[in-house]
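See structure below.
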Amino acid sequence: MNILAAGIMIGFAALGAALGNSFLFSKYVEGITRQPEVRGTLFGQTMILFGLIEALPIIGVGIGILLAFGII
């Protein structure tokens, strides 16, 4: 049962990261097309948000691996 729970947790973490990143970068490109002069500012903010979006799935994958090996 732990293996199944870990697989579901890792799968949903990957799905959440994919959806979050796709939404973030679609809005980034949309912002650049509307106002090309703020490209540098948007890029910095996008990279900060990219790191925040990726942090939670990495934690979820780590907990899923711990669950799969029976440590938790």
Side-chain angles (χ1 to χ4, degrees):
M1 200 64 163
N2 284 347
I3 301 292
L4 180 63
I8 291 172
M9 181 180 274
I10 292 171
F12 278 131
L15 179 68
L19 291 175
N21 288 335
S22 65
F23 184 73
L24 173 68
F25 285 108
S26 71
K27 293 299 179 179
Y28 171 66
V29 170
E30 183 180 329
I32 288 176
T33 56
R34 288 179 186 226
Q35 293 182 343
E37 64 273 3
V38 294
R39 191 176 109 201
T41 305
L42 284 177
F43 182 75
Q45 292 174 351
T46 301
M47 288 300 117
I48 291 171
L49 288 173
F50 178 69
L52 292 173
I53 288 172
E54 286 296 319
L56 194 60
I58 289 171
I59 293 170
V61 167
I63 292 174
I65 290 172
L66 290 175
L67 189 64
F69 288 121
I71 297 173
I72 294 179

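Computed over heavy atoms, backbone and side chain alike; hydrogens, waters and symmetry mates excluded.
Within the model, atoms CD of Q35 and OG1 of T41 stand 10.0 Å from one another, a figure rounded to the nearest 0.5 Å. Here L42 contributes atom CG and E30 contributes atom CD; the two are 11.0 Å apart, rounded to the nearest 0.5 Å. Atoms CD1 and CZ, on I32 and F25 in that order, are 10.0 Å from each other to the nearest 0.5 Å. Atom CE of M1 is separated from atom CG of L67 by 11.0 Å, given to the nearest 0.5 angstrom. Rounding to the nearest 0.5 Å places CD1 of I71 at 11.0 Å from CG of N2.
When all heavy atoms of G60 and M9 are compared, the pair lying nearest together is O-SD, 3.4 Å. Heavy atoms only, all atoms of each residue included: A17 and P57 are closest at CB-CG, 3.5 Å.
Taking hydrophobic clusters as Ile, Leu, Val, Met, Phe, Trp and Tyr residues chained together by side-chain heavy-atom distances below 4.5 Å, I8 does not share a cluster with I3. Connection of V38 to L24 is established within a shared hydrophobic cluster, with ILVMFWY side chains joined at heavy-atom distances below 4.5 Å, either directly or through further cluster members. Following chains of ILVMFWY side-chain contacts shorter than 4.5 Å, one cannot reach I58 starting from I53, and the two form parts of different hydrophobic clusters. Tracing side-chain contacts under 4.5 Å through hydrophobic residues (I, L, V, M, F, W, Y), one never reaches F23 starting from Y28; they form parts of separate clusters. Note: the hydrophobic cluster containing F43 also contains F50 (ILVMFWY, side chain heavy atoms under 4.5 Å, direct or indirect links).
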